[in-house]
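Values below: all heavy atoms of this structure, side chains included; hydrogens, waters and symmetry mates excluded.
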Amino acid sequence: MATNAIDQTRRMLSLVTYLRERPGAHVQDVARAFGITEDELISDLDVLPMCGTSFRGGDLLDIDTDGDRIWWHNPDDVAEPLRLAADEATALLVAARAVATLPGLRESDRLALVRATAKLETAAGESGAASSRLSVTFEAEGGVFADVDRAISERRRLWLRYYSPARDELTEREVDPIRLFAVGHTYMEGWCRLSEARRTFRLDRVAEIRLLDAPAAPPELELRDLSAGLVQPAAEDPEVVIEVGTGGRWVAEYYPHDSAEELPDGGLRITLRTPDPASLRRLALRLGGDGRIVTPPELAASAREAAREALAAYEDAV
């Protein structure tokens, strides 16, 4: 079953209590107790050490695992009564009020958040009163996230206008959402009714979104393991070689690759695989003089032609 972000948050809060009462718990036993895979549990454990009782650090959860057992080294420290400084209380109240206004938030969650905010505001005193003069406006992605999260929880289909950078066009499609996840950016994985295949959509590329009355009915699919990253090229994918100068060395940090050989001028010769080599034309244009596609030759020629067309369009505009 797909897990939405709010359900995952609930699980992680329960996980904290569970681990505090069971020092040295076995990974296999904990995963079974929560009805998740061991990989999903390890992913949760990677997030928990970034949580704690203070925004300033120093009071974070000290949880780690050796792959077999889970150890929590500071449960007593974290269990001490929470004391918020004035700026922490203000930040928490402003964020809570902003989240409560998100479209698509389930009403039960909204009411629980409003009640908790009211209690915190009373406890914060003057700091709570000051926070009422501040507000936060979420970017469009926040609304998209809320709509997707609601569609997953209510098992409803979505209609999207989605920007595809590879084709540089907006497409309209209906999608049965499966899950939300974050790997650098926030994504929705779903069954696309336009292509009749599983697709991944980056939320900041959704131009418009609507919940439909039609029920979501994606086929039974095994969830992808994303521990190695979102893009995981296959051995049979076409090979592409790109040479970059010193200003383009960042490519090796952001693109999965087979090798990155040092060049005499301080650049890199990067060999990678991709199921869609044409999508790298945009990368070549972005690199400009800091990089070029070496092979395959037809892709290199296509990138040069795209660069000439872009230059001609610019010259016509000025």
Side-chain angles (χ1 to χ4, degrees), residues 1-8 36-37 39-40 43 102-104 139-240 251 254-257 272-286 299 302:
M1 179 183 296
T3 301
N4 63 46
I6 294 177
D7 289 337
Q8 183 181 18
I36 59 177
T37 67
D39 286 340
E40 288 174 318
S43 178
L102 281 175
E139 295 181 357
E141 184 177 322
V144 173
F145 181 98
D147 284 339
V148 174
D149 185 68
R150 180 181 173 187
I152 292 172
S153 65
E154 298 180 3
R155 300 180 181 277
R156 292 169 62 181
R157 186 170 297 175
L158 288 166
W159 173 88
L160 307 177
R161 288 183 67 239
Y162 185 76
Y163 173 69
S164 173
R167 296 190 295 271
D168 192 25
E169 65 179 6
L170 282 167
T171 59
E172 296 183 9
R173 58 187 76 203
E174 293 185 4
V175 178
D176 292 344
I178 297 173
R179 62 171 170 169
L180 283 161
F181 63 90
V183 181
H185 296 274
T186 306
Y187 297 86
M188 171 185 66
E189 186 174 19
W191 184 260
C192 177
R193 294 292 172 177
L194 178 64
S195 56
E196 287 299 318
R198 174 163 47 187
R199 292 289 184 266
T200 300
F201 303 92
R202 215 171 93 176
L203 297 198
D204 61 352
R205 291 176 179 163
V206 176
E208 190 177 351
I209 185 170
R210 288 200 307 266
L211 274 77
L212 302 177
D213 293 331
E220 291 292 331
L221 299 171
E222 183 177 352
L223 295 181
R224 297 169 54 200
D225 178 9
L226 300 173
S227 58
L230 178 62
V231 180
Q232 300 173 32
E236 62 272 15
D237 288 341
E239 183 179 272
V240 179
V251 173
Y254 285 88
Y255 285 79
H257 54 276
L272 55 84
R273 295 182 182 276
T274 173
D276 183 17
S279 65
L280 294 179
R281 281 198 302 262
R282 185 174 295 274
L283 172 62
L285 291 175
R286 180 179 177 185
L299 179 59
S302 175

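P177 approaches I152 most closely through the heavy-atom pair CB-CG1, 3.8 Å. Of all the heavy atoms in L170 and R161, the pair that sits closest is CD1-NH2, 3.2 Å. Between L221 and W191, the closest heavy-atom pair is CD1-CE3, 3.9 Å.
Between R205 atom CZ and M188 atom CE the span is 13.5 Å, to the nearest 0.5 Å. Rounding to the nearest 0.5 Å places OG1 of T200 at 8.0 Å from CZ of R179. The OG1 atom of T171 sits 6.5 Å away from the CG atom of L194 when rounded to the nearest 0.5 Å. One distance of note links CD of E208 with CH2 of W159; it measures 4.0 Å at 0.5 Å rounding.
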Derivation of the salt bridge (Lys or Arg N to Asp or Glu O under 4.0 Å) call for E174 and R193: CA-CA 5 Å; E174 293 185 4; R193 294 292 172 177; over 6 Å; no
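A donor-acceptor contact shorter than 3.5 Å is absent between the side chain of Y162 and the backbone of I209.
When the options L212, D176, L211 are evaluated for a side chain to side chain contact (heavy atoms under 4.5 Å, CB included) with R156, the one that passes is L211.
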